[in-house]
S.K.: 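Quick one: the structure is below, questions incoming.
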Amino acid sequence: MEYSPGLRGVIAGETKISTVGMEGTSLRYRGYDAIKLTETHTYEDAASLIISDDLDGSEFTNNFIKYYGELTNDKDINKLFVEIKSRLHPMDVIRTVVSYIGDSDKNSDLESTTKILAAVSYVIASYNDNDTSELDQEYTVASSMLSNKVSTDELQALDDILILYAEHGFNASTFATRVTASTRSDLTSSIVSGIGTLKGELHGGANERAVELINSFKDINDAETGVLKMLKEKKKIMGFGHGVYKIQDPRSPVVKRWVEKLVSDDDSKLRFEIAKKIDEIMDKEKKLFPNVDFYGGLLLSELDFDVNLFTPIFVAGRSVGWAAHYFEQREDDTLIRPAAKYIGVEERD
Ligand SMILES: CC(C)(COP(=O)(O)OP(=O)(O)OC[C@H]1O[C@@H](n2cnc3c(N)ncnc32)[C@H](O)[C@@H]1OP(=O)(O)O)[C@@H](O)C(=O)NCCC(=O)NCCS
């Protein structure tokens with residue numbers, strides 16, 4: 001049996017949910033171009049497509065509003081928040097709250113998914129000091145995480161990044177979700193596996209690390225010297241490269257355009273210039289391109305989110321992808337159990 005480190009290039013299952021990098025740089029959700037979906041549809045439509053193969057997101061939206069409302073009045077959840085928020089990273093809070101809401105077999109696929117998404121969004125909103133109680137009719141999920149005072153551009157920008165985060169084939173967190181599902185475990189447990197896996201800096205955590213890097217430079221020259229030094233020391237620059245795309249991450253230009261449109265004050269303009277400089281150096285020195293997380297972190301900063309909420313927002317977007325893969329894996333009903341290449345000592349007595 002041939003061994004492929006990190007399972008690179010290994011086909012580990014079948015899916016009808018998405019294709020990643022099929023025509024070099026494309027991303028399609030159930031056949032639809034994900035980039036075009038950001039121009040024509042909302043996150044709720046894309047989420048409904050991913051879960052139920054239906055581009056009309058109205059049922060998804062209604063369910064989300066219902067569960068979000070229930071959470072607002074749930075005394076137990078709000079008590080749990082107070083106990084854990086002050087000492088845990090928001091990712092750990094989300095993992096705990098999702099565990100806490102548990103799983104109900106009586107719910108439909110759409111209901112179970114929206115209930116989990118409502119819990120994730122509710123946790124994110126709870127970190128926002130501004131009032132987030134009014135949900136927008138069109139960009140409902142995005143509005144739950146933003147202040148009521150934001151502009152339509154800001155709502156659309158968050159909606160777009162949620163669409164782009166929604167689904168991405170057999171990436172590490174989705175695969176972890178499918179492994180758990182393959183044991184016939186429940187949806188919540190499977191999604192908790194996904195959350196834990198997304199937290200790592202080589203996956204969802206890259207957006208936090210990318211912004212920290214950009215913020216660590218005082219100007220363009222400082223960035224140039226710093227990044228060249230890091231490359232010389234063989235350090236990885238977070239937010240660059242990709243396990244599947246080899247020419248470009250198609251999600252990155254959409255996110256970069258939003259940053260360009262939203263940058264307002266001198267500080268954010270400078271950070272955008274520094275980011276573009278790092279992008280230029282990575283292309284010149286390593287022929288590496290930015291993935292969704294590089295400008296993604298800057299966009300979320302521009303929307304006034306704290307750095308430690310970046311990966312939770314990724315969780316919110318991706319929860320529908322994880323759920324769709326959970327349902328698909330349960331239908332397939334094959335236990336995922338690969339083999340290992342033994343490299344330990346020979347037999348001994
Ligand atoms: C995403 C990632 C894990 C993909 O890995 P991969 O395609 O398997 O590529 P590898 O890690 O094997 O790297 C191949 C080469 O490119 C280099 N490389 C890859 N990503 C790099 C990065 N972000 N910064 C610097 N060098 C990088 C590696 O050091 C390696 O160089 P070498 O051949 O001289 O050893 C990798 O690009 C990475 O770690 N990126 C940073 C984390 C990140 O942004 N993650 C979010 C992904 S959406």
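The chain is numbered in sequence order, starting from 1. Ligands are counted one by one from 1 in listed order, and the atoms in each one are counted from 1 as well.
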S.K.: Suppose we measure from atom 37 (O) of ligand 1 to each protein heavy atom; which comes out shortest, and what is that distance?
M.R.: Phe240 O, 3.3 Å
S.K.: Should the heavy atoms of other residues, nucleotides or ligands under 6.0 Å from CD of Glu233 be counted, would the total exceed 12?
M.R.: yes
S.K.: Please could you name the atoms of ligand 1 that Asp293 approaches to less than 4.0 Å, counting only its heavy atoms?
M.R.: 46 (C), 48 (S)
S.K.: Find out whether Lys276 and Glu273 are in side-chain contact, i.e. whether some heavy atom of one side chain is under 4.5 Å from a heavy atom of the other.
M.R.: yes
S.K.: Hey, is Leu202 touching ligand 1 through its side chain, its backbone, both or neither, going by heavy atoms under 4.0 Å?
M.R.: both
S.K.: What about His242: any of its N or O atoms under 3.5 Å from an N or O on ligand 1?
M.R.: yes
S.K.: Any N or O of Met238 that comes nearer than 3.5 Å to an N or O of ligand 1?
M.R.: no
S.K.: Should you measure from each heavy atom of Gly239, which atoms of ligand 1 turn up under 4.0 Å away?
M.R.: 43 (C), 44 (O)
S.K.: Between atom OG1 of Thr15 and atom CD of Gln329, what is the distance when rounded to the nearest 0.5 Å?
M.R.: 9.5 Å
S.K.: Scan the protein's non-hydrogen atoms and note whether one is under 4.0 Å from atom 15 (C) of ligand 1.
M.R.: no
S.K.: Against Tyr122, only a single residue in Phe64, Phe81, Tyr127 fulfils ring-ring contact (aromatic ring centres under 6.0 Å, His included); can you say which?
M.R.: Phe81
S.K.: For Gly243, counting its heavy atoms only, list the atoms of ligand 1 lying under 4.0 Å from any of them.
M.R.: 4 (C), 7 (O)
S.K.: With side chains defined as the heavy atoms from C-beta onward, is the minimum distance between Tyr326 and Ile191 less than 4.5 Å?
M.R.: no
S.K.: With distance as the sole criterion, is a donor-acceptor pair present between the side chains of Thr311 and Glu208 under 3.5 Å?
M.R.: yes
S.K.: Can you tell which of Asn207, Leu288, Asn171 gets a heavy atom nearest to atom 26 (N) of ligand 1?
M.R.: Leu288
S.K.: For Tyr139 and Tyr43, I'd like to know if the aromatic rings sit close, meaning centre-to-centre distance below 6.0 Å.
M.R.: no
S.K.: Quick check on Met282 - does any of its heavy atoms sit under 4.0 Å from an atom of ligand 1?
M.R.: yes
S.K.: Between ligand 1 and Lys236, is the shortest N or O to N or O distance under 3.5 Å?
M.R.: yes
S.K.: Less than 3.5 Å between some nitrogen or oxygen of Asn291 and one of ligand 1, yes or no?
M.R.: yes
S.K.: Given Glu285, Arg8, His203, which has its nearest heavy atom closest to atom 8 (O) of ligand 1?
M.R.: Arg8
S.K.: Is atom 12 (O) of ligand 1 less than 4.0 angstrom from some protein heavy atom?
M.R.: no
S.K.: Compute the minimum heavy-atom distance from Val292 to ligand 1 and say whether it is under 4.0 Å.
M.R.: no
S.K.: Side chains of Tyr67 and Leu117: closer than 4.5 Å at any heavy-atom pair?
M.R.: no
S.K.: If we count only non-hydrogen protein atoms and require a distance under 4.0 Å, does atom 33 (O) of ligand 1 qualify as touching the protein?
M.R.: no
S.K.: Checking contacts now, so for atom 21 (C) of ligand 1, which I'm interested in, is there any protein heavy atom under 4.0 Å?
M.R.: yes
S.K.: Considering non-hydrogen atoms of the protein only, which is the closest contact for atom 24 (N) of ligand 1, and what is the distance?
M.R.: Ile237 N, 2.9 Å
S.K.: Do Trp322 and Ile116 make a side-chain contact, defined as non-hydrogen atoms from C-beta onward lying under 4.5 Å apart?
M.R.: no
S.K.: Could you list which atoms of ligand 1 come closer than 4.0 Å to a heavy atom of Ala206?
M.R.: 43 (C), 44 (O), 45 (N), 46 (C)
S.K.: Assess, by modelled atom type and distance only, whether the side chains of Ser48 and Glu59 contain a donor and an acceptor separated by less than 3.5 Å.
M.R.: no
S.K.: Quick one: do the Glu167 and Ser18 side chains pair a donor with an acceptor below 3.5 Å?
M.R.: yes
S.K.: Has the side chain of His41 got a donor or acceptor atom that lies under 3.5 Å from a matching backbone atom of Leu55?
M.R.: no
S.K.: So is Lys246 polar-close to ligand 1, meaning N/O to N/O under 3.5 Å?
M.R.: yes
S.K.: Regarding Asp153 and Ser151, do their side chains bring together a donor and an acceptor under 3.5 Å, going by distance alone?
M.R.: no
S.K.: Is atom 2 (C) of ligand 1 close to the protein, meaning a heavy atom under 4.0 Å from it?
M.R.: no
S.K.: Under 4.0 Å from a heavy atom of Lys286: give me the atoms of ligand 1 that qualify, with their elements.
M.R.: 26 (N)
